[in-house]
Asker: 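For reference, the structure I am asking about is given below.
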There are 2 protein chains.
Amino acid sequence: MNGDPAENLLDEGQMEILRMAALCFMERGFAATSIDDVARKLGCTKGRIYHFFASKADLFFSVAEIGMEFNHKAIRSCEHIAAPFDRLRAMALAHSLSMIETRAYQHAVWQGVELHLRGATTPEQRNRLDALIASRDQYSDVFRDVMEQARERGELTYPDAGIARQLMLVALSSPMFWYKPRDAETLDDRIKVARQCVDFALSGLGARPPVKR
Amino acid sequence: MNGDPAENLLDEGQMEILRMAALCFMERGFAATSIDDVARKLGCTKGRIYHFFASKADLFFSVAEIGMEFNHKAIRSCEHIAAPFDRLRAMALAHSLSMIETRAYQHAVWQGVELHLRGATTPEQRNRLDALIASRDQYSDVFRDVMEQARERGELTYPDAGIARQLMLVALSSPMFWYKPRDAETLDDRIKVARQCVDFALSGLGARPPVKR
DNA sequence: GTCTATATACTGATAGAC
DNA sequence: GTCTATCAGTATATAGAC
């Protein structure tokens, strides 16, 4: 993680645990990550982790929830833009950038969503997972709404709205899987990547106003 | 799995195991799936599984390799098409359809690729995994090559070829994550979905010849 | 070929020292 | 707050009966 935006949400002791946990969950996945793995990455024993987090699931959901907070915060900054198409483009860029800059946390979100699709949850996890999915759905709905507004104006054209939204979000989120941070990477580098994702997605939705920058 | 295309590759006894294993790996992921889970889905005990497969990893890689075979076979049927753009479109449709129709196996491929990116492999798995990744890279290169041919002809426009290929394949593969097979589903239903993915991806790549069907 | 043990190892979580 | 020690549960894989 570079310039981790979670710095100022919780006290630093817990944030360091969450940061390393996010890295472990990204590298090996939830099921294959042991608490000892996280402790090893922290350079301590699991006693420290269990002092702050009741269970491995608790730790995982804390990571994923932070990931969704990043996303909501990212697109909130676009609310003031009046024109639907412009707002959508700004949201898309913010989302794609968020995927790059908070990769580890977003992998936890992704795994959580997959867990839900699989229906593989224990009763104790269910409430927490349901809340995460609700947050994800709500987030997704914001995109759907602004997409539909743009379509009504004839600025987008696509047959099925549900599929279009999936394709849009998958494309915009995909950097979290294939983006490799370089050594002396700048914000500008990241923006350039995110922009290509945005152009791809908007063109894919049949953007009428040729995608201007 | 519906009309499973793996039917005629191995003898039916092993194929049934692989089919159920693919389902389990899709539902819970590799790490969270136990051999007993697979056995339970088969309605037998793990003795039967270990008679044919040396280890859980062996079972998993067998599933993933079959998944890649499906893909290679799918795009091989497009080789005869001369015009790059038309060939690309046919390949894209074949790929997207393959993702829908062999979902379970493709989830194993995906997990294998992620395992590789994470570098989380035991020495014994490494060779098998390396081969899987090589197969995936080779497959991916076929797309890259035909994309570049179309770009040279001015039929596609995108800034970075590497990113474009990732976006293309992610969009085309995404149905394996969100496609929900319906009850009385026909081939035509699947084709309709795949087509929207193809149109999205090609338009996203700046297809000049307005995507005709 | 398939099943029934069983050996062996690992992981999540707890309790108590410091 | 963090560490050490430990328990209980579960999973991979094997060996041998049938």
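By convention in this document, chain letters (A, B, ...) are assigned in the order of the sequence lines, proteins followed by strands, and residues within each chain are numbered from 1.
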Asker: Select from F30(A) and C44(B) the residue whose nearest nucleotide in DNA chain C is closer to the 5' end of that strand.
Answerer: C44(B)
Asker: Please state how far atom CD1 in I49(B) lies from atom C1' in dT14(D), giving the value in whole angstrom units.
Answerer: 15 Å
Asker: Under a 4.0 Å threshold between the charged nitrogen and the carboxylate oxygen, would R28(B) count as salt-bridged to D37(B)?
Answerer: yes
Asker: If I take atom CE from residue M147(B) and atom CG from residue L156(B), how far apart are they, to the nearest 0.5 angstrom?
Answerer: 7.0 Å
Asker: Given the side-chain rings of F200(A) and F200(B), with only the six-membered ring counted for Trp, is the space between their centroids under 6.0 Å?
Answerer: yes
Asker: Y50(B) or G43(A): which one's nearest nucleotide on DNA chain D is closer to the 5' end?
Answerer: G43(A)
Asker: So, for G112(A) and L132(A), which heavy atoms are closest and what is the spacing to 0.1 Å?
Answerer: CA-CD2, 4.2 Å
Asker: Select from H51(A) and A32(B) the residue whose nearest nucleotide in DNA chain D is closer to the 5' end of that strand.
Answerer: H51(A)
Asker: Could you state the atom-to-atom distance from CG of D58(A) to C1' of dG12(C) in whole Å?
Answerer: 13 Å
Asker: What does T45(A) touch in the nucleic acid at a heavy-atom separation under 4.0 angstrom: a base, only the sugar-phosphate, or nothing?
Answerer: base
Asker: Check E16(A) with R19(A), please: is the shortest side-chain N to carboxylate O separation under 4.0 Å?
Answerer: no
Asker: Would you kindly give the CG-to-P distance between D36(A) and dC3(D), to the nearest whole Å?
Answerer: 12 Å
Asker: Quickly work out the F53(A) CZ to dT11(C) P distance and round it to whole Å.
Answerer: 20 Å
Asker: Taking the nucleotide of DNA chain C with the nearest heavy atom to each, does G47(A) or D37(A) sit closer to the 5' end?
Answerer: D37(A)
Asker: Measure CZ/F52(B) against P/dT14(D) and give the value in whole Å, please.
Answerer: 16 Å
Asker: Using atom CG of L59(B) as one end and atom P of dA13(D) as the other, report the distance to the nearest whole Å.
Answerer: 10 Å
Asker: Out of dT12(D), dA13(C), dC3(C), which has the shortest distance to the side chain of K46(A)?
Answerer: dA13(C)
Asker: To the nearest angstrom, how far is F60(A) atom CZ from dT11(C) atom C1'?
Answerer: 18 Å
Asker: Taking atom P of dT12(D) as reference, at what distance in whole Å does atom CZ of R40(B) sit?
Answerer: 11 Å
